Every structure is written in C-alpha cells, then in structure tokens.
Amino acid sequence: MKQILKRLLEFTLFILILSIVSFTFMKLAPGDPVRSILSVDDVSISEAQIEELRSELGLDKPVVIQYLHWLYSFIQFDLGHSYMTKQPVVHELLEKLPATLQLTIASLVIMMMISVPLGILSAIYKDSWIDHVSRMFALGGSAIPSFWLGLLLVQIFSVKLGLLPSMGKGSFLHLLLPSITLGIAMAAVYVRLIRASLIESLGEDFIRSAKSRGYSRRKIFFQLAFRHALAPVINVLGVTIGSLLGGTVIIEVIFSYPGLGKLVIDSILRRDYPVIQGYILSMGIIVVIVNLLVDSTHRYLDPKIRIKGGE
Amino acid sequence: MGKMKTIVARMPIMILVIVLLSISLFLFIAPIVAPYDPLKVEMGSRLLPISSEHWLGTDHLGRDILSRLLVGAQVTVGSTFLILFLSIAIGLPFGLISGYVGGWVDRVLMRIVDAILAFPDYIVAIVLTGLLGPGLSNLVISVIIVKWVKYTRLVRGTVLSEKYADYIAMAKVNGLNPFQILTKHIIPHVMGNVLVLATLDIGKTILLIASLSYIGLGNQPPNPEWGSMLNEGKQFFYNEPQLMFIPGIAIVIVVLFFNLFGDKLRDYYDVKNKQGGY
C-alpha cells in the first residue's frame, strides 16, 4: 500500500514537472500563435483584431497566471483547441491514439515473432550457422535506417508485387508494412539480448542442479532458463516501447499512417502549438505508465525483488 | 617492458584517434575532392546513369550524385561528430561535479538528467526541433540536449565508484586540490568509458540526423545530406532506383563500421575490467 502511494505521488510530481516543462517550451517557441491563427486565409489582419484575440486567449496576462489557468483546464482534460482544425486537442489526440497503439502493438508482436525463435535457436546452437545468421541480422538491422527499409519494402511489396497497400489505414494489411519495418529494427536488438540472457541463465547453478535431478531438457529450458532469462529482456522492453513510440513518428510519416506521430509532424510544420503540447503531455503519461507496468512485471518475474519488497 | 605495456594497453584508443582523425580529414577535403559543384543544377543532364563522367550518375536536377554524397557526408557525419563532441564537453564537467561534489548539486542535476532520459530520444529531438524551427543547426542543438545527459550519467557513475579509492585518498593526503584530482586522476579514468559510449553513439546519431532530415526537420534542400537526398530521390524510386540506393547504402556502411568498431572497443574494455586490470 505504501509502495502504491509512493508511486502515485511520484506520478503526480512527474506530470506536474512535465506540465511546467511543456508550458515553458510553448512560451519559448518562436512565432506568434495569434498571428498564425489569424493568417490562415491570407487576408490582411489589423492590430485591433490581434489585440482582441490575444485577450480572448488570455495571452495578455502574466505568464504565471497563464500557467495556472492552463493547469486548471489541463486537470479537467481540456488542452485547448487546435489552431488549425479548431477541434479540442484532447479530441484530436484521442482520435489518433488507437492507430498509433495498434501500430506499436503490431510492431512488438512482429519483433517477438522474429527475435524470440531466433534468439532461442542461436542460444541453443551457439556458434552454429544459425547463430552467425542471427549475428548478421542483428548487425544489419541496427545499421539500416528504418525509413529507408520502409521505402524499400514499399517498393518491393506495393509497387513491384502489388501485394500490400503502401499508405493509409483501415485494414490489417495496412498495418503490415509499417509494423514489419519497425519490428525488424527492434528485433535486431532483441535477438542478441535474448541470446545473451539465455546463455547466461543456462550457466546458472539452479540449471545444473535441475539437470542433476533428471529434469527433461525441454522442462529445464522452457520452465527454468527461459523464465529466468526473461527478466532482463522485459526490463529493456520499457525503454524500447518508449523509443518505439519515437520510431512510429518517422514510420507514420513515410506510410502516411494517420496516428499521433503524423499528427505531431503536421502540427510542427503548421506551428499548431496546442497540439504539440498535447502530444508532449500524452507521450510523457504513456512513458510513465509503461515504466510502471514494466516495473511491476519485473517484480513479478524476479522473486528476489518480490520478497524484499523492492530496493 | 613497462612502456611497451602502456602502448599496448592504449592501442584501441590510439586506433580510435587515428580513425577519427582520418575520417575528419576526409570530411574536410571532401568538397575539394568532389568532381562537381553539388548544388549546380544542370537540367540538360538529368537522371544520368552511372558513367565515367558521373561515377554515380546524376539526380533529378542534373546534380552529380558522387559530389552530393561527399559533401553530404560532411553534413551527416560531420554534424554527428560535432554533436558528440559538444555533448561530451557539456556532459563531462556536469558528471564530474555531480559525482565529486555530491549533495544537493548532485540531486538537482540528477533530477534534470532523469527527466530528460525518461523521454525517448526521437520524441525529444523531434519536438525540440519542431519548436525551434526546422533546420540543421536547430536539429544539432536538439540532439545535444538529448545526448549530454547520457554522458553526465556515465561520468557521475564512474566518479562515484572511484571517489573513495585508495589512490584518490593518497592524492588528497599529498595535498592535491579537487581540481587537480579531477583532471589528473579521475578524467583519465573516465575517458575510456566515455569514448566507448561515444563510438557506439555515432551510428545512432547518424540515423537520427538522417531520419529527421528525411522528414524535413533537419537539413534543408538544396543542401546535400544523406537523409534529405533520400527524400528527394524517393519519387524516382521506380525508374531510377540508384537515387534511393546510393545514399541509403552509404548510411548503412558508415553506421555498420562505427557499430562494429564500438563493439570491439567495448569488448576490449570489458575484458580488461573482468581481469581486474583496472
């Protein structure tokens, strides 16, 4: 209970700091939001109009008041309206979030479909040809720019073979190319990680004692070694989900996939600050939640931490 | 014998320095070696194939691809070196102070570091570049803001593990002031780790710069940069695939080289640490 309270406090503090940081960034950003709202249609704007909108948006008050005002609406899940679409930012973000989550989960699934079998095989048959193949894959996968790989895949599967759609969203097929692109890049890291972790846990004392008690190879491998090897992998998974969310930005732009990443790049290019701010906040919240989840899974998998109750 | 041992022990660093120096020299002379002006538009010679005049052909505006690749290397690889150099220049002193001084200075610094590290590299770089305005110099600034914290973290950790060692106590007894202890004893100790991390970071940073330039947040056309060359080439992918292949392969080769090199360097230090060499 105390643990949970402490976590909640940390969480609140983090969100508060995050809100200050993102608010400050918006204030420091170049370009006048009032002008960018008014200059949409290329009509000439008068100073009176600018002043009017400025006071309407509360931009003529001191910064601290502006922040408190903004924080008050933030607590009520009101992040203002997009300058471009005039829609509430929260609405825009929630509309795009499912697409990005789908892409993230699909990439994780593909990453595991590649890295778990390859990692296990290269740990069991260490220094065999399959181990060398996995090493080559890991080296290549981490050196290929994901946007380039994405373009190559589009070229092969959409343009040449005409098998898969290259852009947009909608069906399972639309998800395939972007998530394969992201999955391959991540799998490159995980193949080596899973292999190293498995080889290490296969050398542990408890594996030797299980062998001496006559457990079957299969049982030793999948019930003991694999579970033990999973803890460090899951630990890294937290970091990966974060960088995966970053990676989705690039991939979403390439595949014109309508998710959060495409939204933020469009907003950056159009100087739509409320949306960018909303994006920073939502990413922060997602990252914190993922870390909490990873932390508790890690606790569950590693009895040493569970018994001691942390630290 | 003793002297020989030091030279051997410092081999990887020496090789690293030589490699980095020769690459820097290459980047420096690249515009001179380039056979054509990388910006010169010549509509008469658009999309030429590979030939003896244009070794890698020309792009959609008739610009020589080899020249653009060479000058683009200066942008992509050169700005990566600049980013890492400045990140170390900022991260190292903060890490030293944080680790050596400790107390509230350490706590405040580490809170800042943790806050930046909590966010994924790409997201911070994208959002910061977006706010500062798209452009190469703003991209460089944003990536430095992302990167320096890693070096601060690493240096702080190393300082903490060395701070109470006997030889530091000895140095204190001998009357060295903290500045001398840091520069003479701790920095030489930290630099190995820092260089390994930096070498492993080169590949990642190149990919980051190329990716952000590709989506239009970094280098702006018509300046050549590998990521933006790929962006310009993608519309001709079907008929002129070399426009897509050449810059992409250049990125893969350079990143692969630095990744392999970084791995070797790390293995070397790991082996030494395990044998209790340090």
Side-chain angles (χ1 to χ4, degrees), chain A residues 13-14 17-18 21-22 25-26 28-31 138-140 142-152 154-155 159-160 185 192 239-254 260-262 264-265 267-273 276-277 279-280 283-284 286-288 291, chain B residues 76 111-112 114-134 138 146 200 203-204 206-217 226-227 230-231 233-235 237-239 241 244-245 247-260 262-263:
Chain A
L13 198 69
F14 181 81
I17 293 172
L18 189 67
V21 169
S22 61
F25 274 147
M26 290 308 134
L28 294 176
L139 269 173
S142 55
I144 293 178
S146 61
F147 65 93
W148 192 57
L149 181 66
L151 290 168
L152 293 184
V154 167
Q155 198 60 27
V159 181
K160 287 257 158 73
R192 300 320 278 176
V239 183
T240 310
I241 293 179
S243 51
L244 183 58
L245 285 169
T248 52
V249 177
I250 313 279
I251 296 301
E252 282 177 13
V253 171
I254 288 166
L260 283 178
K262 180 109 179 31
V264 74
I265 295 293
S267 309
I268 284 173
L269 296 177
R270 290 184 304 205
R271 303 214 165 282
D272 197 345
Y273 293 127
I276 307 177
Q277 194 174 36
Y279 177 79
I280 302 177
M283 281 299 131
I286 292 176
V287 167
V288 175
N291 281 339
Chain B
T76 314
R111 278 289 151 277
I112 298 171
D114 285 342
I116 298 180
L117 280 177
F119 278 95
D121 285 10
Y122 273 76
I123 289 183
V124 182
I126 286 169
V127 171
L128 279 180
T129 322
L131 292 178
L132 294 171
N138 287 340
V146 180
L200 286 167
K204 287 182 203 155
I206 290 178
L207 291 180
L208 183 60
I209 290 180
S211 306
L212 292 205
S213 292
Y214 176 84
I215 56 174
L217 292 181
W226 294 351
L230 285 170
N231 189 10
K234 84 174 169 210
Q235 43 188 322
F237 201 158
Y238 195 74
N239 292 320
M244 283 305 289
F245 279 118
I249 290 169
I251 295 176
V252 173
I253 290 174
V254 173
V255 173
L256 203 58
F257 169 76
F258 282 113
N259 283 355
L260 281 170
D263 278 349

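Here the structure is a predicted model, which means the values were calculated and not measured. Protein chains get the first letters and strands the later ones, always in sequence-line order, with residue 1 at the start of each.
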Exercise. Would A:Met283 and A:Leu260 satisfy side chain to side chain contact (heavy atoms under 4.5 Å, CB included), going step by step from the backbone distance to the final call?
Worked result: CA-CA 10 Å; A:Met283 281 299 131; A:Leu260 283 178; 3.7 Å; yes
Seminar exercise, completed: Whatever's closer than 4.5 Å to a heavy atom in chain B on A:Ser146 counts as neither
Seminar exercise, completed: Bottom line for A:Leu152: the part with an atom under 4.5 Å from chain B's heavy atoms is both
Seminar exercise, completed: Per-residue tally against chain A (heavy atom, under 4.5 Å) across B:Ile206, B:Asp121, B:Ile253, B:Val127 peaks at B:Val127
Problem set entry | Side-chain (A:Trp148) to main-chain (B:Met244) donor-acceptor, under 3.5 angstrom | yes
Problem set entry | Side chain / backbone / both / neither for B:Ile249 at chain A, heavy atoms under 4.5 Å | both
Exercise. In terms of heavy-atom proximity below 4.5 Å to chain A, should B:Leu217 be classed as side chain, backbone, both, or neither?
Worked result: side chain
Problem set entry | Minimum heavy-atom distance B:Ile251-A:Pro145, with the two atoms named | CG2-CG, 3.5 Å
For this session: Under 4.5 Å, counting heavy-atom pairs only, tell me which of A:Val253, A:Val287, A:Ile250 racks up the most with chain B.
Result: A:Ile250
Problem set entry | Under 4.5 Å from any heavy atom of chain A - which part of B:Asn259 | side chain
Problem set entry | Heavy-atom pair count under 4.5 Å with chain B, highest-scoring of A:Val249, A:Leu139, A:Ile276, A:Leu269 | A:Leu139
Exercise. Where is the tightest heavy-atom contact between B:Val146 and B:Ala125, given as atom of each residue plus distance?
Worked result: CG2-N, 4.0 Å
For this session: Please name the pair of heavy atoms, one in B:Leu256 and one in A:Gly140, separated by the smallest distance, quoted to 0.1 Å.
Result: CD1-N, 4.4 Å
Seminar exercise, completed: Nearest heavy-atom approach of B:Tyr214 to A:Leu151 is OH-CD1, 3.4 Å
For this session: Go through the atoms of B:Phe245 and report whether side chain, backbone, both or neither lie under 4.5 Å from a heavy atom of chain A.
Result: both
For this session: Apply the test side chain to side chain contact (heavy atoms under 4.5 Å, CB included) to residues B:Asp263 and B:Leu200: give CA-CA distance (whole Å), side-chain angles for both, the deciding distance (0.1 Å), then the verdict.
Result: CA-CA 7 Å; B:Asp263 278 349; B:Leu200 286 167; 3.7 Å; yes
